[in-house]
Structure formats: structure tokens, C-alpha cells
2 protein chains.
Amino acid sequence: MKIALVKTVAIYGLFLAGLTYLLALIKFKFLVRDLSVEFYVGMVALLFTALGVWMGSKLVRKKREPVEQFVMNESARDHLGITSREIEVLTLMSAGHSNEEIAGQLFLSLHTVKSHVSHILSKLDVNRRTQAVEKARSLHLIPKSGSSLV
Amino acid sequence: MKIALVKTVAIYGLFLAGLTYLLALIKFKFLVRDLSVEFYVGMVALLFTALGVWMGSKLVRKKREPVEQFVMNESARDHLGITSREIEVLTLMSAGHSNEEIAGQLFLSLHTVKSHVSHILSKLDVNRRTQAVEKARSLHLIPKSGSSLV
DNA sequence: GCGTGAATCATACTTTGGAGTGATGCCCCC
DNA sequence: GGGGGCATCACTCCAAAGTATGATTCACGC
């Protein structure tokens, strides 16, 4: 994470240096002091401002993008003793599926699904599936609504 | 919204112009062509890059901050014909409350709550409360989980 | 090899949810 | 002043969810 940031900054730094050199070169090769210095400076300022905006937005976006994607809160899961199979059931529950639909999708009997759901409810210390989904989301055991899963 | 953005850009543009003028002035007043042009250009480039980064991050942040807070999707609500009372029930449903609990909190009979819930389900075109909550969230009829409400 | 725990399926039972239908009072609007 | 939508309450019926308890199989670890 931190290394990637430093690398990005370094790359932009090198890019900046190269661009500066190039500009100076162009000035001496082709413009030969004929153009006003103010105009030249203005061009440089514009160019580097644009570069700065680009670089800044790139850095900011790098910092924010990972917030969107889901990472499982493993410690909470382990602490509550919730198994991977229960997470599967929980995920389908959160999509609004009935026990019977979950049974169909996971190739289980309705009994087994009910058993899993019961365990989930007791482990999350709630007594309704809707509450279980709420709690699981707030504990980052399952993604927020709207996220796509396989 | 859009006006504020334009205003911000205009202010930064003016600031840029002023800074350019100031730099040119300084060059002619005090450095008098003694310093190498490359060094001068480098300074300008650095300064304006920094300005660009600042400006860029400012603009990006302006765009992202309001995303956090909840705004009701009025058009969707009106289009589906969902009433304010139904939104109240929906909100409590989304917190995982049972019909009886909702009845208690809103000082209603269980029958009335069931009636509201039925209307909500048919208006949202679903047949389970968990799905209704999912759909209502995705339509921005109710806040995402974790948001605080009165 | 024996205990432990996950995953599976089962039976029996209670509670909650949801569909269908209908009634009443209220307010707004033509 | 009558129709329409909303909010409220009511009753029935069936489906789904949840509780309780327990059996079986399998894998893992000491």
C-alpha cells in the first residue's frame, strides 16, 4: 500500500523532470529567445498545472477506490464461530431468498437450511433473519446491498 | 452544484494568472537574466504542479463528500405510489423488526401493520420482506444499513 | 481410536408472515 | 356531495420461519 504510493510519486517526479528538460530544449532549439518569456512561462505553468491536477486526482482516487470493495471481517467471523457454509447461507438470506430457495441453490434439504439458519441466528444473537442480515452487514461478514457476488 | 464547480475553477484560474504575472515580475526585477532559464522554468513547474495537485484534490473531494448522506429518491417513491406511512414501516422493517414490534413502535394494531406491509410488498413487486428491504435500499427509499435515523 | 465439531437430514411443534377480503373514518378535490 | 386515496382495524387461511431435539457421516487432531 505505502510502497505503491511512493512508487507513484517517484514516477510522476521523474516524468516532471523529463518534461522540464524537454521544454527547455525546445525553447533553445526552436524558439531562440524570440517569444516573450512571459508567454513561455505561462505555457509551462498551464502544462504543469494540468499535470498536477491529473497527478493529484490519481493519488486521491488510489486512496479511495479500495473502500468500495468488500473484505471479510475474519476476526469477527472467527470470534462468533461462524462457518463458511453458514456464510453462504447468510449471503443468500441477505439477497432475500427463502429457506426453500436457498435449499435449491445449495442442493440441500429444507431441514438443513433451517438448521444452518438457526445456528446463524443464535451465533449472531438475534431471532429474525432480517436482523441477522443487518448485523452481518454491520460486522462486515457479508457485503453491503448492491454489491455483486457469484 | 454545477455553479459552485464553475466558480471554484474560475477562482483558481484567476489565482493562476496572478501568480504567473507575479513570477514574471520577480524575474525581471530581481534576477535580471542572471539565473539560468532552466532553473527558473523548473521553479515555475514545481510551483504550478503543487498548485495543480491542491486544486485537483479540492475539486475531487468536493464531488465525493455529499455521497455519504442519504437523500430520498422522491421520484421513485411517487412513481411506485408509496406513502410516507409505508416508508416508516419500511424503515422499521429494514432494521429487522417484526410486525408486532413495528405495531408497538407506531402504536398500531398488528392488522394495520400487516396491511401496510402487504401494500409495500405489492408496490415493490416482491413477496418477501427481506427482498422489499433490498429493493427499497437500491431505490434509495431508505438509507443503507449502518446509517442513523431519528 | 476416540472425542470434537461441522454438515447433513429428520420429526414434531409453535410462531410469524403474507394473501385475500372487507369495513370504517377522514381528507381532498372536482 | 360524492368519489378516491389513505390509514386504520378486523377475520380467515395457508405458507414460511423458527424452536427443540436428535441421528448420521466425515474429517481433524491428540
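Order of the sequence lines fixes the chain letters, A, B, ..., with proteins taken first and strands second; residue numbering starts at 1 for each chain.
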Phosphate OP1/OP2 of D:dG18 contacted by A:Arg129 side-chain N/O (<4.0 Å):
yes
Is atom CD of A:Glu100 surrounded by more than 12 heavy atoms (other residues, nucleotides or ligands) closer than 6.0 Å?
no
OP1 or OP2 of C:dT16 under 4.0 Å from side-chain N/O of B:Asn99
no
Output the rounded distance in Å from CG (B:Asp125) to P (C:dA19).
11 Å
In whole angstrom, what separates A:Gln131's CD from C:dG17's C1'?
15 Å
Proximity to DNA chain D (any heavy atom under 4.0 Å), residues of residues 100-118 of chain B only
B:Leu108, B:Ser109, B:His111, B:Thr112, B:Ser115, B:His116
CD1 of B:Ile120 versus C1' of C:dA19: gap in Å, rounded?
15 Å
Derivation and outcome, salt bridge (charged side-chain N to carboxylate O under 4.0 Å, His left out), residues B:Glu101 and A:Arg128:
CA-CA 12 Å; B:Glu101 286 171 345; A:Arg128 265 178 298 284; 2.8 Å; yes
Side-chain N or O of A:Arg128 less than 4.0 angstrom from OP1 or OP2 on C:dG17?
no
Side chains of A:Ser115 and A:Ser118 only: does a donor on one sit below 3.5 Å from an acceptor on the other?
no
Can you run down the salt bridge (Lys or Arg N to Asp or Glu O under 4.0 Å) pairs that involve residues 69-85 of chain B, sequence neighbours left out, and say none if there aren't any?
B:Glu74-B:Arg77, B:Arg85-B:Glu88
Just to verify, which of A:Arg129, A:Lys114, A:His116 counts as forming a side-chain hydrogen bond (donor to acceptor under 3.5 Å, both in side chains) with A:Asn99?
A:Arg129
Per-nucleotide pairing state of DNA chain D [Watson-Crick or G-U, under 3.5 Å; [ ] pseudoknot-crossing; | other strand]
||||||||||||||||||||||||||||||
Between D:dA17 (P) and A:His119 (NE2): distance, integer Å
18 Å
